[in-house]
Amino acid sequence: MGTDAPPSTDHPAYTGPAADLSRYAPRTARPAAVSFAMSLGVHAVIALSAILVVWTVTAAPRTDKPDITVSFFDPSPSGEYILLAKVRRPYSYQVPDSDFPETIELWDAKGQLVKSLAEFPLREDIPIEGVQTGPRNYDWRDTAPATLTWTEALDNGDPKNKVPQRDRVLMQSAPFTDAPRELFKTEHRFSGMSWMEKADGVASSGGVCMFSEYDRDRRWTRTWMLDVDTPGAAPVKVFDRSVNDRYNNPGSPLTRRIPSGRSVVRVYNNAVYLVGAGSTPQGDLPFLDRMPLDTLKPERLWRCEKGSYESVVDLLTDDASSFMVSYETPIDPPNYYKRTLAMVDGKPVASDRVRITSFPDPAPELRAIKKELVKYKRADGVDLSATMYLPPGFNPEDVKAGKAKPLPLFVWAYPMEFNDAATAGQVSGSTSRFTIFGGISHLFLLTQGYAVMDNATMPIVGNPETMNDTFVEQIVASAQAAIDKAVDMGVADRDRVAVGGHSYGAFMTANLLAHCDLFRAGIARSGAYNRTLTPFGFQGERRTYWEAVDTYTKLSPFTFANKIKAPLLMIHGQNDSNPGTFPVQSERLFAAIKGNGGTARLVLLPFEDHGYSAKESVFQVQAEMTEWLDKYVKNAPPREPSSDASSQKDAQPAPSQPKPAGQ
């Protein structure tokens, strides 16, 4: 297919997965930052299909601007102006379309150009985890008729530059002829701003905003409050915490939509309301807090009780005396309810729930599935956790009593990065939620006689600059601990355990099969396996390939394809547009494993992206996963006597206790 014309939309009917690699012609290689879609000339489709349509009260839709490519537009709160971004040629094969040449313009409601705000060339020199130079993040102030805000980098967009402040935020009001006014500077990277509604007290002017900054070195966030309409006002610190600290997450302010159609933070009686997941060592217990703006100390109004999962949807009254919740339990499907608060002995007490909706259980046969939060430790002392799902009728106590056999186990995981062991060991999620399957779900295996260890934590702990140097050792140690826990519970047969994951979880899966003998098989969906093809960083890796050749090589399962002996099923969307996980990643690892005598299967799904949505794809993937695990795990013969199921390849030691970042 040529790149100068849009691809044909006349696709043949689905006839099954594209698993035969010989059917497809080679594609042009491209850098990791470029999506698969770009190589097919999708940019031509975007350019040809973008037409600006302006609606008015008295006139028909206007389509007199067919020659521009609009990537973004947003009307002002007053409706008088339109903030518009236009993509310009030349397009590029080196960067994603978000970094194409772009012009930011301000139009009036009649479609006439008011002002050209900024012009950006092709942005192919942005540093890893950096931002573009010049103005960025244009937006409207939600509490003013027509006032623009934007951000400018003070460090040339490079996080490695040492500067006292990284960003500044500016503001300019209609008619946009006066010089812009600087609102504030941030020590770290500016990460967002919310405006607070006009109300009595501190937010009376509508000029109060909350803004946040992010310290990438510590993975830390700070939130400030500032009245931008008060000359000389200084920002007041509201929150100051690690982004990984779930237990101390204060939650997010509730918002409401105002007549202009914009959403602003709710303010009533000089206070805002916060809702959050409420993570605890026992699981998530959502909450509702009231935070007075004079003290900035949250007051607990309500919290979910243990044994259920209940979260605030919205307030029904300004003073939070009545609010709506979503309520569910392992046997009760999610439904909406009304709650009211009354003061009893000076403390808020919630009434019983009043049902609003009555959605039935869509799959009653799944209620016999059991799930449990399990906690365990890694060899280096890091706390780990997972949700253990058991199929109907299975009781681990029968295994311990010799009345039943342990089950084949499927471990599903996704590695996450942390600066310290304390936050890495925090529990997230809730076993009190209603169990339901949707789309492609590994939980379907519960109906096929498997136990599933879901979201088994795989923390990578250490200094953000170098933590990937021990990635392999840490995931192997985490996998070993997970299997040991499942076996000790009487759930799993150590000789029949498989592992799987999607995207970075697929990368983890292939690495586990390459570096340990803990698993009989693996399932890797939409992964990247050769890190030399993502040379400018991946996930949280900040170094380029040329700065950390050994790490990129060590972390590439492709390098160790000759050691992948456990059967590996790889699934990939043929039109994967996620940077770094283009289909050639799976194609090359598949060829490498087969060429070295290993067992592998590659399933390419036509027309699918990084995730899979077509009904045909969902059925195909579920069938492929089940058949693979039945053959190589559930019905697999015992291991050869010479194979040690708990051994680690290359005799890798368990990681030592990680040190805090910077040490």
Side-chain angles (χ1 to χ4, degrees), residues 142 191-197 199 202-203 208-212 221-225 237-258 262-329 334-343 347-357 426-430 432-434:
D142 297 314
S191 57
M193 177 166 56
S194 298
W195 294 92
M196 301 168 68
E197 69 175 329
V202 70
V208 178
C209 67
M210 285 185 176
F211 66 90
S212 297
T221 183
R222 294 190 299 189
T223 299
W224 305 81
M225 186 171 66
K237 189 187 299 182
V238 183
F239 305 128
D240 188 356
R241 66 179 187 88
S242 165
V243 297
N244 291 326
D245 187 357
R246 302 183 183 96
Y247 295 170
N248 293 299
N249 189 332
S252 303
L254 282 173
T255 63
R256 82 159 99 228
R257 196 171 295 278
I258 55 179
R262 316 293 291 193
S263 290
V264 296
V265 175
R266 299 180 70 125
V267 179
Y268 178 76
N269 197 19
N270 199 35
V272 299
Y273 296 93
L274 305 173
V275 295
S279 297
T280 74
Q282 291 74 44
D284 290 352
L285 297 172
F287 63 82
L288 169 64
D289 284 355
R290 177 182 182 272
M291 186 174 70
L293 295 176
D294 52 356
T295 66
L296 297 178
K297 295 181 179 180
E299 304 165 351
R300 184 59 41 89
L301 299 180
W302 169 88
R303 186 163 201 167
C304 171
E305 298 176 353
K306 295 180 181 179
S308 64
Y309 187 85
E310 187 173 2
S311 59
V312 174
V313 176
D314 204 355
L315 301 185
L316 299 178
T317 57
D318 286 339
D319 62 357
S321 60
S322 179
F323 57 96
M324 183 187 298
V325 298
S326 173
Y327 172 83
E328 61 188 278
T329 73
N335 270 286
Y336 294 113
Y337 293 80
K338 177 183 177 182
R339 286 271 207 176
T340 57
L341 288 175
M343 299 302 293
K347 296 182 179 180
V349 177
S351 68
D352 292 337
R353 288 177 294 275
V354 177
R355 183 184 286 271
I356 298 175
T357 61
Q426 291 183 351
V427 174
S428 65
S430 172
S432 297
R433 305 201 69 169
F434 187 72

Backbone N/O of Val267 and side chain of Glu197: donor-acceptor pair under 3.5 Å: yes
Among Asp289, Val265, Val238, side chain to side chain contact (heavy atoms under 4.5 Å, CB included) partner for Pro253: Val265
Side-chain ion pair, Arg256 and Asp314, N-O less than 4.0 Å: no
Non-neighbouring partners of Asp352 that pass side chain to side chain contact (heavy atoms under 4.5 Å, CB included), sequence neighbours left out: none
Tyr273: ring-ring contact (aromatic ring centres under 6.0 Å, His included) partners, not counting sequence neighbours: none
Spacing of Cys304 atom SG and Leu288 atom CG [to the nearest 0.5 Å]: 12.5 Å
Separation of Thr223 OG1 from Met210 CE (nearest 0.5 Å): 8.0 Å
Report, one line per pair, each donor and acceptor closer than 3.5 Å where one atom sits in a side chain of residues 290-298; sequence neighbours left out.
{"residue": "Arg290", "atom": "NH2", "partner": "Asn269", "partner atom": "O", "Å": "3.3"}
{"residue": "Thr295", "atom": "OG1", "partner": "Lys297", "partner atom": "N", "Å": "3.3"}

Pair Phe239 and Trp224, ring centroids less than 6.0 Å apart: no
Over-ring placement of Arg303 relative to Phe287, 6.0 Å and 45° cut-offs: no
From OG (Ser432) to OH (Tyr309), nearest 0.5 Å: 10.5 Å
Rounded distance [0.5 Å steps], CZ in Arg339 versus CG in Leu341: 9.0 Å
Contacts of type side chain to side chain contact (heavy atoms under 4.5 Å, CB included), residue Ser322, not counting sequence neighbours: Leu316, Thr317, Lys338, Thr340
Pairing residues for Tyr327 by the ring-ring contact (aromatic ring centres under 6.0 Å, His included) criterion, not counting sequence neighbours: Tyr337
Salt bridge present between Arg222 and Asp240 (N-O < 4.0 angstrom): no
Pairs where residues 277-286 contributes a residue and the test salt bridge (Lys or Arg N to Asp or Glu O under 4.0 Å) is met, not counting sequence neighbours: none
